[in-house]
Amino acid sequence: MKTEKKHLLIISSQKKLTADLKEGLSVQFVIHAVNSLHTGYSTALKLLPDIILIDQTSLNLKGLRNLGNFRSTHFLKKSHLIIYGEALERTLIEETYNDLVDQTFYTTISTACLCDELLEFVSNGRTLTNYWKDAFLGLFNIMENPVVLLQQENIIAMNDAFKHSFKVHKTDGLKLTDFVHCENKAKVKTSLRNFSKGKHMQANTKTSLRLSNGKIREAKISFSKLDRMIDGQFIMMIHYSENLELSDQVGSKSDLVEKCFEENSIQTTFNFSKREKEIILLLCKGYKTKEISETLFISPKTIEKHRANIIKRTNSDTILESIIYAINHDLINVKVT
């Protein structure tokens, strides 16, 4: 599988240094460059880069007086902070900033060697802490909104609010598609898969969710990735409100996710057709295809089409699963005799 690029923020006013680093590192890194520590700080908060490289040779020591801010912010503590310093200032840099940075390089090495050091940092498998996941898991269980940790449609973990809302306690085999209308499970599953593999880090939408008591409740849901890895994990937070408003100002928006869940909300009532109910009821009585054909005066080929449609609409693998689903959700009236 293709390795996900790391994000590198370069803070330097030296255009040549920045250009050389981009040339040498672009295969392994997505590179962002700014020319001041002040701009770098705000940029770092937005990007949360894996590595921050500060070029002291272009900023001078006075320019580093606010370097402590990079360690005072929780998220930026997770970034690997590097100073590229003037060799003549080595003693002063080490005395002043050693406790604030993770690594220091000096002008005694070439730019090519600096690139090699950063590439080795990645190739040696040194783990860069997943700051998003650390922050999220620390708050996971105290959030008032129902929140689940997902890997595509699979539920990895759920907080207490989600358990209370949906009356579930075990995640084994549980999928998000268990809480949407059966006709749209395939669409939702595909949408979540595309979101996890796509470029969007966040998506907001509105939809209908089926609660534990069978009632449908409108909700705003927010998806946010915890890492940039393909097939990585992401969270879904549910917001129940009478007046649901979506903000386009936060993060990016996945139209595919929104369209999918909008379609899920439109079809709030699911019913089999009259013919489908007749076939299901006869199947419950043990009728075979030939017997159903003789009873309903329709061809075996037509019956097979109805069977295939029933399986598809209930997102099942077999007709038996579809029958069980229909009975459990009171979609057919099976009389016990």
Side-chain angles (χ1 to χ4, degrees), residues 2-90 92-94 96-98 100-124 126-132 135 198-202 225 227-229 250-252:
K2 185 178 179 181
T3 303
E4 192 77 9
K5 289 185 177 183
K6 304 300 181 184
H7 282 241
L8 167 65
L9 173 62
I10 301 171
I11 302 175
S12 173
S13 60
Q14 290 193 56
K15 293 183 179 179
K16 186 177 186 309
L17 174 66
T18 300
D20 289 345
L21 290 174
K22 286 183 176 180
E23 182 179 353
L25 298 170
S26 59
V27 174
Q28 294 285 351
F29 289 92
V30 175
I31 299 174
H32 315 268
V34 296
N35 58 16
S36 73
L37 196 65
H38 176 74
T39 305
Y41 180 64
S42 57
T43 303
L45 285 176
K46 294 177 182 177
L47 297 173
L48 298 177
D50 299 290
I51 299 176
I52 301 172
L53 188 148
I54 300 174
D55 172 27
Q56 177 268 327
T57 65
S58 67
L59 300 175
N60 65 57
L61 290 177
K62 288 184 178 180
L64 297 180
R65 62 181 178 273
N66 292 322
L67 187 59
N69 287 339
F70 281 89
R71 286 306 190 220
S72 64
T73 302
H74 173 71
F75 291 130
L76 295 184
K77 288 180 181 178
K78 306 299 183 180
S79 297
H80 192 75
L81 187 59
I82 297 173
I83 282 184
Y84 177 65
E86 177 61 57
L88 296 176
E89 304 280 2
R90 181 169 189 153
L92 185 56
I93 289 173
E94 291 182 354
T96 310
Y97 301 108
N98 257 11
L100 295 174
V101 300
D102 298 295
Q103 219 168 354
T104 308
F105 297 103
Y106 295 96
T107 51
T108 48
I109 67 169
S110 65
T111 306
C113 289
L114 179 58
C115 289
D116 289 341
E117 291 284 350
L118 294 178
L119 291 173
E120 185 178 357
F121 180 87
V122 174
S123 63
N124 284 344
R126 295 183 62 179
T127 303
L128 299 176
T129 305
N130 189 325
Y131 28 67
W132 280 117
K199 65 180 181 179
H200 298 284
M201 290 299 290
Q202 184 187 37
K225 293 181 181 177
D227 54 50
R228 291 182 288 267
M229 297 300 293
V250 181
S252 56

Colleague: Return the CD1 to CD distance between Ile51 and Gln103, rounded to the nearest 0.5 Å.
Modeller: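 Reported value, rounded in 0.5 Å steps: 8.5 Å.
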Colleague: Can you tell me how far CG of Leu53 sits from CG of Leu114, rounded to the nearest 0.5 angstrom?
Modeller: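 Spacing of CG (Leu114) from CG (Leu53) equals 6.0 Å.
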Colleague: Taking the side chain as every heavy atom from C-beta outward, state whether Val27 and Leu25 have any atom pair closer than 4.5 Å.
Modeller: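 They are not in side-chain contact.
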Colleague: With sequence neighbours left out, which residue pairs that include part of residues 8-29 fulfil the salt bridge (Lys or Arg N to Asp or Glu O under 4.0 Å) condition?
Modeller: Lys16-Asp20
Colleague: Between Ile93 and Tyr106, what is the shortest heavy-atom contact and its length?
Modeller: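 Smallest heavy-atom distance, with atoms named: CG2-OH, 3.9 Å.
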Colleague: Is it the case that the side chains of Thr104 and Glu94 hold a donor-acceptor pair, with the cut-off being a distance below 3.5 Å and no angle test?
Modeller: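 No.
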Colleague: Considering only heavy atoms from C-beta outward, does the side chain of Leu17 approach that of Thr111 to under 4.5 Å?
Modeller: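 In short, these two side chains touch, coming nearer than 4.5 Å.
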Colleague: On a heavy-atom basis, which atom in Ser26 and which in Ile31 lie closest, and how many Å separate them?
Modeller: N-CD1, 4.1 Å
Colleague: With rounding to the nearest 0.5 Å, note down the distance linking NE2 in His80 to CG in Asp102.
Modeller: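 Between His80 NE2 and Asp102 CG, I get 5.0 Å after rounding to 0.5 Å.
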Colleague: Taking C-beta and beyond as the side chain, do Gln28 and Lys6 meet within less than 4.5 Å on heavy atoms?
Modeller: no
Colleague: Would you say Asp50's side chain and His7's backbone share a donor-acceptor pair under 3.5 angstrom?
Modeller: yes
Colleague: Can you give me the closest heavy-atom contact between Ile82 and Phe105, atom names plus distance?
Modeller: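 Answer, listing the atom of Ile82 first, then Phe105: CG2-CD1, 3.7 Å.
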Colleague: Taking all heavy atoms of Ala87 and all of Thr108, pick out the closest pair and write down the distance.
Modeller: CB-CG2, 3.7 Å
Colleague: Between Ser12 and Gln14 (side chain of the first, backbone of the second, donor and acceptor by atom type, cut-off under 3.5 Å), is there such a pair?
Modeller: yes
Colleague: At what distance, to the nearest 0.5 angstrom, does CD1 of Ile109 lie from CD of Glu117?
Modeller: 6.0 Å
Colleague: Return the set of residues passing side chain to side chain contact (heavy atoms under 4.5 Å, CB included) with Ser13 (not counting sequence neighbours), or none when no residue passes.
Modeller: Asn35, Ser58
Colleague: First locate atom OH of Tyr97, then atom CG of Leu81, and finally report the distance between them rounded to the nearest 0.5 Å.
Modeller: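 Between Tyr97 OH and Leu81 CG, I get 11.5 Å after rounding to 0.5 Å.
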Colleague: Locate the shortest heavy-atom distance separating Pro49 from Leu9; write the atom from each residue and the value.
Modeller: CG-CB, 3.9 Å
Colleague: Testing the basics here: between Glu86 and Thr107, what is the closest heavy-atom pair and its distance to 0.1 Å?
Modeller: OE2-OG1, 3.5 Å
Colleague: As an exercise, state the distance from OG of Ser36 to CD1 of Ile54, rounded to the nearest 0.5 Å.
Modeller: 11.0 Å
